[in-house]
Structure formats: C-alpha cells, structure tokens
Amino acid sequence: MNKKVHVKKDDAVIVISGDDKGKKGKVVEVSPSEGKVIVSGVNIVSKHNKARRQGETSSILKVEGAMYADKVQLFCSKCDKGVRAKHIEKNGKKIRVCAKCGNEL
C-alpha cells in the first residue's frame, strides 16, 4: 500500500464518494500505513461499549469511522469546492496551493 497520503491533520476536506458524498469536515487523524483518514462529522458509526466493571452500564456511542483517503479531496474556500493541490516555494518553504485559483490551502 502507498505510504503517503495527500491530506494532513487539520486540513479542510470534502467527501467525493460514498454515502457521505458532499459533506465537509476537518481531518482529525491520518493513518498513512492504512491509507485512511478520520474526518470530523463524517462516516458516523455506532460503537458498542461493553460494561467492564460492576455498576457500569453498556452504551452505544456514535463516533467517526475511518475512511479511505482517496474518498476525500482538499477543500478550497475561495473556489468553494474540492480541488487538487499544487506545491510552490514561498520564502524558502514549500506550501500547498489550490491548483485552480492559487489560494493557499
């Protein structure tokens, strides 16, 4: 599997395929070894929590599930849609910009 993912933590992304297509969110966690990301407010799954000690109650939690990174695309606020990133050098640092409008991502 590819060990490189095109999104980083705290990036604004939009889902481009699947049940949550069109939803926007912020990347909470990235797992490059699996090629997956966790996006806030997207891919909500039910997690069953078993009571471990006497007196505790079991519960069902709604949490964000991991999804493949190729199902999300960086979101450009200026273009107001998902875009590809282009790398340019600015003041000796490589930064990512929108390939369409040049807005810094």
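FYI, side chains are in, hydrogens and waters are out, and symmetry mates aren't considered; it's all heavy atoms of this structure.
With sequence neighbours excluded, the residues forming a side chain to side chain donor-acceptor pair (under 3.5 Å) with S31 are E34, listed by chain and number. In this view, D20 and K23 satisfy the side chain to side chain donor-acceptor pair (under 3.5 Å) rule, not counting sequence neighbours. With sequence neighbours left out, R52 forms a side chain to side chain contact (heavy atoms under 4.5 Å, CB included) with K50, E56. For the side chain to side chain contact (heavy atoms under 4.5 Å, CB included) test, residues two or more places apart in sequence or in another chain that qualify with V97 are K86, I88, I95. Every residue two or more places apart in sequence or in another chain was checked for a side chain to side chain donor-acceptor pair (under 3.5 Å) with K26, and none qualifies. Considering only residues two or more places apart in sequence or on other chains, H48 meets the side chain to side chain contact (heavy atoms under 4.5 Å, CB included) condition with I60. Looking at residues two or more places apart in sequence or on another chain, you find a side chain to side chain donor-acceptor pair (under 3.5 Å) between K62 and S46. The side chain to side chain contact (heavy atoms under 4.5 Å, CB included) check on T57 picks up nothing, with sequence neighbours excluded.
A 4.5 Å side-chain heavy-atom check between V37 and V5 finds at least one atom pair inside the cut-off. Side-chain contact check for F75 versus V13: every heavy-atom pair is 4.5 Å or farther apart. A 4.5 Å side-chain heavy-atom check between I14 and K21 finds every atom pair outside the cut-off. A 4.5 Å side-chain heavy-atom check between V7 and L74 finds at least one atom pair inside the cut-off.
Shortest non-hydrogen contact noted between C98 and C101 is SG-N, 3.4 Å.
Listed by first and then second residue, the salt bridge (charged side-chain N to carboxylate O under 4.0 Å, His left out) pairs involving residues 65-85 amount to none (not counting sequence neighbours). Contacts classified as side chain to side chain donor-acceptor pair (under 3.5 Å) and involving residues 87-105 (residues at least two apart or in different chains) are given here: D11-R96.
In this structure, I38 is not a member of the same hydrophobic cluster as V72, with clusters built from ILVMFWY side-chain heavy atoms closer than 4.5 Å. Placement of L61 and V45 within a single hydrophobic cluster is found when ILVMFWY residues are connected by side-chain heavy-atom separations under 4.5 Å, directly or transitively.
Looking only at distances, a side-chain donor or acceptor of N43 sits under 3.5 Å from a matching main-chain atom of A66. The backbone N or O of I44 sits nowhere less than 3.5 Å from a side-chain atom of E64 that would complete a donor-acceptor pair.
Expressed to the nearest 0.5 Å, how far CD of E29 lies from OG of S40 amounts to 12.5 Å.
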